[in-house]
Amino acid sequence: MTRPLRATGGARPQILRLPEFRDLRGCLSAVEGLRDVPFAIERVYWITSVPPSARRGRHAHRDVLEVIAAAAGSFTVDCDDGDSPSEFSLHAPSDALLVPAPVWREVRDFSPGAVCLVLASGPYREEEYIRDREEFSQLVDAG
Ligand code: TYD
């Protein structure tokens with residue numbers, strides 16, 4: 001049986017300001033799970049070498065929460081929680097986007113050399129992905 005899906009706690013995607021330490025030597029941003037992000041961090045991955053015309057993401061997660069940051073460069077994240085679409089331009093390492101579940105996300109307009117850093121609340125499990133937009137729409141409508 002398909003269980004009802006709702007964005008976590010009714011939460012919407014939102015920008016989190018991460019601690020940043022900037023001095024003449026550069027800039028350091030740090031994140032601690034359950035302190036700076038509202039989950040224990042179980043997985044970290046990063047995406048690089050994205051051509052300007054390419055799109056990443058194009059899926060939702062059933063359970064996994066993610067925080068997305070531009071560790072270098074910039075890109076735009078389009079989100080849809082089934083209720084209201086939103087768009088976030090990420091261009092500073094200390095600005096991170098919290099994406100609840102389930103939220104459809106697409107990442108586009110990567111600048112040259114951009115690094116998309118993602119913190120996730122759970123391990124990689126393909127069965128936890130919703131990769132079909134129509135399936136996502138039906139699930140959030142049913143929820
Ligand atoms: P994909 O979901 O297509 O990337 P994106 O969300 O950026 O569009 O993942 C690309 C490949 O990487 C795919 O074969 C699954 C694999 N992958 C892992 O093995 N572990 C992970 O944590 C992630 C996020 C992806």
Side-chain angles (χ1 to χ4, degrees), residues 1-22 26-143:
M1 184 185 121
T2 304
R3 61 194 171 72
L5 289 173
R6 275 255 166 261
T8 311
R12 296 196 188 285
Q14 60 181 283
I15 294 291
L16 308 176
R17 308 275 176 220
L18 302 178
E20 181 185 82
F21 303 90
R22 187 179 288 275
C27 178
L28 185 154
S29 299
V31 184
E32 292 190 17
L34 297 174
R35 185 190 73 172
D36 305 302
V37 299
F39 54 80
I41 299 165
E42 278 205 28
R43 179 168 51 108
V44 178
Y45 63 94
W46 50 97
I47 300 169
T48 58
S49 309
V50 181
S53 60
R55 282 177 172 248
R56 306 290 313 210
R58 305 187 101 149
H59 62 250
H61 291 283
R62 296 176 191 278
D63 304 306
V64 168
L65 316 184
E66 291 191 330
V67 164
I68 303 174
S74 62
F75 48 80
T76 298
V77 187
D78 294 317
C79 293
D80 184 2
D81 61 6
D83 207 7
S84 56
S86 48
E87 176 185 310
F88 299 88
S89 172
L90 296 181
H91 43 74
S94 57
D95 290 350
L97 177 63
L98 170 64
V99 185
V103 168
W104 189 267
R105 88 288 311 273
E106 302 195 7
V107 192
R108 62 179 163 85
D109 293 341
F110 284 76
S111 68
V115 177
C116 175
L117 178 67
V118 184
L119 314 174
S121 68
Y124 171 74
R125 290 187 301 118
E126 185 56 38
E127 61 271 26
E128 182 274 330
Y129 279 68
I130 305 166
R131 292 197 185 268
D132 181 74
R133 186 69 191 251
E134 190 55 36
E135 183 191 356
F136 169 76
S137 300
Q138 288 174 5
L139 286 169
V140 290
D141 285 350

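Because only heavy atoms are used, hydrogens play no part in the values below, and waters and symmetry mates are left out as well, while side chains stay in. Numbers here are sequence positions counted from 1.
R43 and G122 get closest at one heavy-atom pair: NE-O, 2.9 Å. Pairing each heavy atom of L18 with each of A96, the nearest pair is CD1-CB, 3.7 Å. Residue F75 comes nearest to V115 through the heavy atom pair CE2-O, 3.9 Å, listed as atom of the first residue, atom of the second, then distance. Here the closest heavy-atom approach between residue A70 and residue S74 is recorded as CB-CA, 4.4 Å. Nearest heavy-atom pair across E32 and I41 is C-CD1, 4.4 Å. In terms of heavy-atom proximity, A71 sits nearest to P93 at O-CG, 3.9 Å.
The shortest side-chain heavy-atom distance between S86 and R12 does not fall under the 4.5 Å cut-off. With a 4.5 Å cut-off on side-chain heavy atoms, L98 and V37 do not count as touching. Contact of the V31 side chain with the L119 side chain is registered, since non-hydrogen atoms from C-beta on lie closer than 4.5 Å. Residues P100 and P13 meet the side-chain proximity criterion, which asks for heavy atoms closer than 4.5 Å. Within the 4.5 Å cutoff, no side-chain heavy atoms of V140 are placed close to those of D83. The side-chain heavy atoms of D63 and R125, taken from C-beta on, include a pair separated by under 4.5 Å.
Under the 3.5 Å distance criterion, with hydrogens and angles disregarded, no donor-acceptor pair is assigned to the side chains of Y129 and E127.
Considering CG of L117 and OG of S29, their distance stands at 10.0 Å, rounded to 0.5 Å. Rounded to the nearest 0.5 Å, atoms CZ (R131) and NE2 (H61) are 7.5 Å apart. Expressed to the nearest 0.5 Å, how far CG of D95 lies from CD1 of I68 amounts to 13.5 Å. Here the CD1-CD distance, from I130 to Q138, works out to 11.0 Å after rounding to the nearest 0.5 Å. Between the CZ atom in F21 and the SG atom in C27 there is a gap of 9.5 Å [rounded to 0.5 Å]. Within the model, atoms CZ of R17 and CG of D36 stand 14.0 Å from one another, a figure rounded to the nearest 0.5 Å.
In this structure, R58 contributes its side chain and E106 its backbone to no donor-acceptor pair below 3.5 Å.
Taking a cutoff of 4.0 Å between a charged side-chain nitrogen and a carboxylate oxygen, E135 and R62 qualify as a salt bridge. In summary, R105 and D78 do not engage in a salt bridge, as defined by a charged side-chain N under 4.0 Å from a carboxylate O.
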Requested in this report: Start with the C-alpha distance between F110 and R56, add both sets of side-chain angles, then the distance that settles side-chain contact (heavy atoms from CB on, under 4.5 Å), and finish with yes or no.
Outcome: CA-CA 10 Å; F110 284 76; R56 306 290 313 210; 3.8 Å; yes
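Every residue two or more places apart in sequence or in another chain was checked for a ring pair (Phe, Tyr, Trp, His ring centres under 6.0 Å) with Y45, and none qualifies. F136 meets the ring pair (Phe, Tyr, Trp, His ring centres under 6.0 Å) test with W104; sequence neighbours excluded.
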